[in-house]
There are 2 protein chains.
Amino acid sequence: MEDKDVQKIKVPLKEHFGNYMVPVRDALEVFSGKWKIPIITALSFYETCGFKELERIIEGITPKMLSKELKYLETNLLITRKVENTRPVTVTYSITEYGKTCSTVMTELYRWGVEHRKKVFNIEGQTWDKC
Amino acid sequence: MEDKDVQKIKVPLKEHFGNYMVPVRDALEVFSGKWKIPIITALSFYETCGFKELERIIEGITPKMLSKELKYLETNLLITRKVENTRPVTVTYSITEYGKTCSTVMTELYRWGVEHRKKVFNIEGQTWDKC
DNA sequence: TATACTAGTATACAAAAGGATAGTATTATG
DNA sequence: CATAATACTATCCTTTTGTATACTAGTATA
């Protein structure tokens, strides 16, 4: 085999990148699905919300999905859950300082997404109201 | 109603953010699923690959999924498909210049994902080999 | 006493994503 | 003529994701 042939042999990604893609997947999982970004955005904006408040703020979400995603975000340290000693009992969900770091990723996704719309749909500006 | 009460009324996200989240979703869709990132990574690294080459490089992918995702990436202008006049006929998939801009998003996802692993799993460095 | 608020859970179902396996068509090689 | 390579497509099945609807338990209000 000659030297010039060596680069023609294409080996599995793992041999070049190892586990490079594992943290990329981790990050993606935090933002994937229909409701995680709305929840993070809501708690980033309002700082703290109750369960029913979130149900109203995030239009279309069912209590089952809200409950499920809140648990996910809590175990991932992005939000906290605190039961208040009120009558009736209220629960306040808050974004953590760590949760606020999501905004760097979301900003990057937003920037790229805007360019992508321009490129693929040839749409400029905020004219995608019917989406 | 007093001024201090105004900020307590929490309205749906749309009233504050409009369609802010639409391009975020668009970007997310391009990177979501099990195979799009491996395909983009493979074509970014090798520049150009055949169908069977991609099947070997991306371990575990089935021809059905590879075909489906290649079509998606092509309609999103991230890759190109070119039929070569060889015998047997070969098809070369290449990353576009635009497709290369994905790396900025993936780098951000990687950076955040590494920090996330440290935070949530308390794992430092590249020790997540069993994932 | 009836209604409504708090914060959820339970059950059933539909849709989407992905996997397993087999098959097609063409051409070249032994 | 059999085998193998190219690039896929087709069918069936399982898993994951999300929806719809109803329900629980406690407290407050009209």
Side-chain angles (χ1 to χ4, degrees), chain A residues 5 8-10 12-13 21 25-26 28-40 42-43 46 48-76 79-94 131, chain B residues 5 8-10 13 21 25-26 28-40 42-43 46 48-76 79-94:
Chain A
D5 294 327
K8 288 183 184 170
I9 297 168
K10 293 172 183 172
L13 280 186
M21 278 175 285
R25 292 214 166 286
D26 289 340
L28 225 35
E29 198 188 304
V30 167
F31 300 100
S32 72
K34 194 171 175 181
W35 301 114
K36 295 193 195 82
I37 284 180
I39 295 171
I40 292 168
L43 289 173
Y46 284 120
T48 170
C49 297
F51 189 89
K52 280 284 169 186
E53 273 179 335
L54 285 168
E55 249 189 286
R56 283 188 292 266
I57 294 165
I58 301 161
E59 293 171 289
I61 197 167
T62 60
K64 179 189 165 182
M65 289 309 293
L66 181 54
S67 176
K68 182 190 161 191
E69 299 297 46
L70 286 170
K71 278 171 191 163
Y72 175 87
L73 295 173
E74 197 193 352
T75 63
N76 278 267
I79 66 171
T80 55
R81 178 184 185 272
K82 192 181 173 193
V83 180
E84 306 286 347
N85 191 19
T86 55
R87 269 155 285 142
V89 69
T90 49
V91 176
T92 54
Y93 291 94
S94 311
C131 306
Chain B
D5 294 327
K8 287 182 183 170
I9 296 169
K10 293 174 184 171
L13 279 187
M21 278 175 287
R25 291 213 169 289
D26 289 340
L28 224 35
E29 199 188 304
V30 168
F31 300 100
S32 71
K34 195 170 174 181
W35 302 113
K36 295 194 196 79
I37 285 181
I39 294 171
I40 293 168
L43 288 174
Y46 284 120
T48 171
C49 297
F51 189 90
K52 279 285 168 186
E53 272 179 336
L54 285 167
E55 251 189 284
R56 283 187 292 264
I57 293 165
I58 301 160
E59 292 170 291
I61 198 168
T62 60
K64 175 190 165 181
M65 289 308 294
L66 181 55
S67 175
K68 181 189 163 192
E69 299 297 48
L70 286 171
K71 276 172 192 162
Y72 175 88
L73 296 174
E74 196 192 352
T75 64
N76 279 268
I79 66 171
T80 55
R81 178 184 186 271
K82 192 179 173 195
V83 179
E84 306 286 347
N85 191 18
T86 55
R87 271 156 283 142
V89 67
T90 50
V91 177
T92 54
Y93 291 94
S94 312

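So that the names make sense, note that chain A is the first sequence line, chain B the second, and so on, each numbered from 1.
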A.B. asks: When the distance from CD of B:Glu74 to P of D:dC8 is rounded to whole Å, what number comes out?
C.D. replies: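 Going from B:Glu74 (CD) to D:dC8 (P), I get 10 Å.
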A.B. asks: Are A:Ser67 and A:Phe51 close enough, and set up right, to give a side-chain contact (heavy atoms from CB on, under 4.5 Å), and what steps lead you there?
C.D. replies: CA-CA 8 Å; A:Ser67 176; A:Phe51 189 89; 4.2 Å; yes
A.B. asks: Can you identify which nucleotide, out of D:dT6, C:dG18, D:dG18, has its nearest atom closest to the B:Lys52 side chain?
C.D. replies: D:dT6
A.B. asks: Separation of B:Leu70 atom CG from D:dT6 atom P, in whole Å?
C.D. replies: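 The distance from CG of B:Leu70 to P of D:dT6 comes to 15 Å, rounded to the nearest Å.
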A.B. asks: Check this for me: does any side-chain nitrogen of one of A:Glu55 and A:Lys52 sit under 4.0 Å from a carboxylate oxygen of the other?
C.D. replies: yes
A.B. asks: Donor-acceptor pair, B:Arg81 side chain versus B:Lys71 backbone, under 3.5 Å?
C.D. replies: no
A.B. asks: When you check the phosphate oxygens OP1 and OP2 of C:dT6, does a side-chain N or O of A:Arg56 lie under 4.0 Å from one of them?
C.D. replies: yes
A.B. asks: Rounded to whole Å, how long is the line connecting atom NZ of A:Lys82 with atom P of C:dG8?
C.D. replies: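 Whole-Å distance recorded here is 15 Å.
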A.B. asks: For B:Asn85 and C:dA28, give me the distance from atom CG to atom P, rounded to whole Å.
C.D. replies: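 Spelled out: CG on B:Asn85 to P on C:dA28 is 11 Å.
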A.B. asks: Taking side chain as C-beta onward, heavy atoms only, is A:Val30 less than 4.5 Å from A:Tyr72?
C.D. replies: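 Counting from C-beta outward, A:Val30 and A:Tyr72 do come under 4.5 Å.
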A.B. asks: Counting only side-chain nitrogens and oxygens, does B:Tyr72 get under 4.0 Å of the OP1 or OP2 atom of C:dA17?
C.D. replies: no
A.B. asks: Just wondering, do B:Pro38 and B:Ile61 contact through their side chains at under 4.5 Å, heavy atoms?
C.D. replies: no
A.B. asks: Quick one: which of D:dT6, D:dG18, C:dC5 gets closest to the side chain of A:Pro88?
C.D. replies: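 Nearest to the side-chain atoms of A:Pro88, counting from C-beta on, is C:dC5.
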A.B. asks: Using atom CZ of A:Arg25 as one end and atom C1' of C:dG18 as the other, report the distance to the nearest whole Å.
C.D. replies: 13 Å
A.B. asks: Output the residues of residues 59-68 of chain A in contact with DNA chain D, where contact means a heavy atom of the residue under 4.0 Å from an atom of the strand; sort by number or write none.
C.D. replies: A:Lys64, A:Met65
A.B. asks: Could you say whether A:Trp35 or B:Val91 is positioned toward the 5' end of DNA chain D, judged by the nucleotide with the nearest heavy atom to each?
C.D. replies: B:Val91
A.B. asks: Could you tell me whether the side chain of A:Tyr93 reaches within less than 4.5 Å of the side chain of A:Ile79, counting heavy atoms only?
C.D. replies: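 Heavy-atom side-chain distance check passes, below 4.5 Å.
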A.B. asks: Tell me the interatomic distance from B:Ile39, atom CD1, to D:dC8, atom P, rounded to whole angstroms.
C.D. replies: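 Result: 12 Å.
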A.B. asks: How many angstroms lie between OG1 in A:Thr48 and CD in A:Glu84, if you round to the nearest 0.5 Å?
C.D. replies: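 Rounded to the nearest 0.5 Å, the OG1-CD separation comes out at 7.5 Å.
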A.B. asks: Over how many whole Å does the gap from B:Arg81 atom CZ to D:dA7 atom C1' extend?
C.D. replies: 8 Å
A.B. asks: What's the CD1-P distance between A:Ile37 and D:dG18, to the nearest Å?
C.D. replies: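 Computing the A:Ile37:CD1 to D:dG18:P distance gives 12 Å.
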